[in-house]
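Taking it in order: structure first as structure tokens, then the write-up.
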2 protein chains.
Amino acid sequence: MLASKTASPEETRERVLFAAREVIARKGKRGATTREIADVAGVNEATLFRHFGSKGALVLAVAERFCGLVELRDVVAQLRGPVDADLMALGRVMLERMESQKDIIRWSFVDPGYDKDLFASTAWRPQLALHGIVVEVIERHVADGTLRGDARRLATLFMGMVFTHVLARDKFPDSDVHAEPDEALGFYVDVFLNGVRSRGRTSS
Amino acid sequence: MLASKTASPEETRERVLFAAREVIARKGKRGATTREIADVAGVNEATLFRHFGSKGALVLAVAERFCGLVELRDVVAQLRGPVDADLMALGRVMLERMESQKDIIRWSFVDPGYDKDLFASTAWRPQLALHGIVVEVIERHVADGTLRGDARRLATLFMGMVFTHVLARDKFPDSDVHAEPDEALGFYVDVFLNGVRSRGRTSS
DNA sequence: CGTTAATGCAAGTACTTACACGCATGCCTC
DNA sequence: GAGGCATGCGTGTAAGTACTTGCATTAACG
């Protein structure tokens with residue numbers, strides 16, 4: 001029927017996908033061997049090919065399986081609050097996604113469109129979508145005079161803050177060890193909106 | 001004597017190093033083959049091994065050759081101006097270095113210290129050094145009351161802004177096309193110090 | 001019970017890749 | 001002109017890797 005004692009084909013497929021994701025995150029799609037993926041998944045190498053046909057197809061399937069587009073239309077519709085709240089809400093979504101996908105995202109960075117890499121571009125697409133949303137929200141606040149500047153530029157900057165936050169933990173020693181996500185996000189929003197200059201004082 | 005009609009060994013070595021850098025930037029140290037490096041350098045593959053012994057040694061030599069530490073002690077000593085000027089000066093250095101090394105830096109991102117990768121860590125070391133400098137300068141401005149907050153965190157954030165700027169051009173469509181470095185830097189410093197909220201107004 | 005579908009297993013093919021070796025060649029210096 | 005040195009060139013090897021194939025096994029389903 002629906003459940004069998006041994007793993008169903010779909011379960012096997014999922015196991016392979018998760019294993020592939022993990023190995024690719026570590027070694028990259030070039031360094032990930034079908035043998036290691038199969039080992040991690042606990043299946044035979046042949047099974048892997050029976051399911052996906054080729055390594056390339058598997059890699060692509062990984063990207064599609066784990067880098068699905070974000071369904072934010074509903075989220076963005078609700079963002080009619082004050083700037084701070086809007087940015088916090090957006091930031092939370094960004095942080096969550098980037099955190100859970102940073103290993104894959106990293107690899108989409110190393111390919112500068114050299115050969116148009118389907119894996120890299122699929123992995124990056126959600127980020128582009130997010131960026132679009134942020135632009136949209138910021139545009140509104142620029143329009144009503146709350147913010148000033150070019151919306152695209154501001155959006156990129158804000159996303160960059162969150163992005164840096166996610167990556168910095170691995171690349172800078174003891175940076176933001178203490179930071180719980182919301183506290184950190186609050187900090188970024190605060191800097192973004194108000195800067196870090198001490199109030200009531202001016203240098204030089 | 002010193003000059004010969006054919007390329008001297010040192011010239012050959014340099015050609016190989018530059019070729020290796022280029023190929024590694026494109027394909028990564030795993031994807032870069034000794035054959036392609038030799039082809040790009042215009043030398044025979046055997047020559048490559050005669051000079052460096054192994055591919056691993058060549059890769060490491062590339063990192064050491066192109067990711068030298070920054071000599072900033074003198075630069076930082078002069079940074080006693082107003083915050084804006086200090087940040088601009090630092091930003092210029094950062095931008096310049098990151099721009100010229102972004103292809104290599106990207107690859108140092110992809111290895112999360114999984115196996116301690118000498119190439120990645122060597123390539124990243126200058127960034128750590130720069131970060132340290134920025135912390136130092138910001139600390140001074142925090143101490144004299146110009147800035148507020150945790151210096152390390154602020155430094156990471158500021159570096160992230162510049163870093164994002166460098167990478168964003170490749171990853172976000174038509175972002176900052178117009179930006180000349182100094183104009184962009186000025187924008188970041190401005191946001192960092194003053195935020196982007198319209199002056200004299202408050203949202204909600 | 002017999003069929004079918006999904007898998008494990010083992011061996012094999014074709015190709016790539018790091019690296020070694022030997023030899024010929026050309027340039028430089030004595 | 002002889003000897004040394006860096007290099008080009010070809011060939012070879014051993015390991016790795018994507019992918020195939022034939023066969024045995026197991027479990028579900030009629």
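Chain letters run A, B, ... following the sequence lines, proteins first and then strands; every chain starts at 1.
- Applying the 4.0 Å criterion to OP1 and OP2 of dT7(C), one finds that T12(A) has a side-chain N or O inside that range.
- Here G42(B) lies in heavy-atom contact (under 4.0 Å) with sugar-phosphate atoms only.
- Distances from the side chain of S54(A) to the nucleotides dC9(D), dC19(C), dC19(D) place dC19(D) closest.
- Residue T34(B) places at least one side-chain N or O closer than 4.0 Å to OP1 or OP2 of dA18(C).
- You'll find that the side chain of V43(B) is closest to dG8(D), out of dG8(D), dC9(C), dC19(C).
- A donor-acceptor distance shorter than 3.5 angstrom exists from the side chain of E11(B) to the backbone of S8(B), with no hydrogens or angles considered.
- Regarding L48(B), its CG atom lies at a distance of 13 Å from the C1' atom of dT17(C), rounded to whole Å.
- Nucleotide dT16(C) holds its C1' atom 12 Å from the NZ atom of K55(B), rounded to whole Å.
- Between the side chain of R148(A) and the backbone N or O of R197(B) there is at least one donor-acceptor pair closer than 3.5 Å.
- Considering only the side chain of N44(A), dC9(C) comes nearest among dC9(C), dC9(D), dT7(C).
- Of the candidates dT7(C), dA18(C), dT17(D), dT17(D) carries the atom nearest the R35(A) side chain, counting heavy atoms from C-beta on.
- Protein atom CD of E36(A) is 15 Å distant from nucleotide atom C1' of dA18(D), rounded to whole Å.
- If you measure from atom CZ of F52(B) to atom P of dT7(D), you get 10 Å, rounded to the nearest angstrom.
- If you check every strand for non-hydrogen atoms under 4.0 Å, A32(B) touches sugar and phosphate atoms only.
- Among the nucleotides dC9(C), dC19(D), dT17(D), the one closest to any side-chain atom of T33(A) is dT17(D).
- Remark: P of dA6(D) and CZ of F49(B) are 19 Å apart, rounded to the nearest angstrom.
- Between Y188(B) and H165(B), the two ring planes are perpendicular [angle over 60°; tilted spans 30° to 60°].
- Put simply, H51(B) has a side-chain N or O that comes within less than 4.0 Å of OP1 or OP2 on dT7(D).
- The distance from the CH2 atom of W107(A) to the NZ atom of K27(A) is 10.5 Å, given to the nearest 0.5 Å.
- When distances run from any side-chain atom of A46(B) to the nucleotides dG8(C), dA18(D), dC21(C), the shortest one goes to dC21(C).
- Within the 4.0 Å cut-off from OP1 or OP2 of dG8(C), at least one side-chain nitrogen or oxygen of T47(A) is found.
- When rounded to the nearest whole Å, the span between CD1 of I37(B) and P of dT16(C) equals 18 Å.
- Between F163(A) and W124(A), the two ring planes are perpendicular [angle over 60°; tilted spans 30° to 60°].
- Put simply, CZ on R50(A) is 14 Å from P on dA5(C), counting in whole angstrom units.
- The nearest whole Å value for the distance from the CZ atom in R13(A) to the P atom in dT7(C) is 11 Å.
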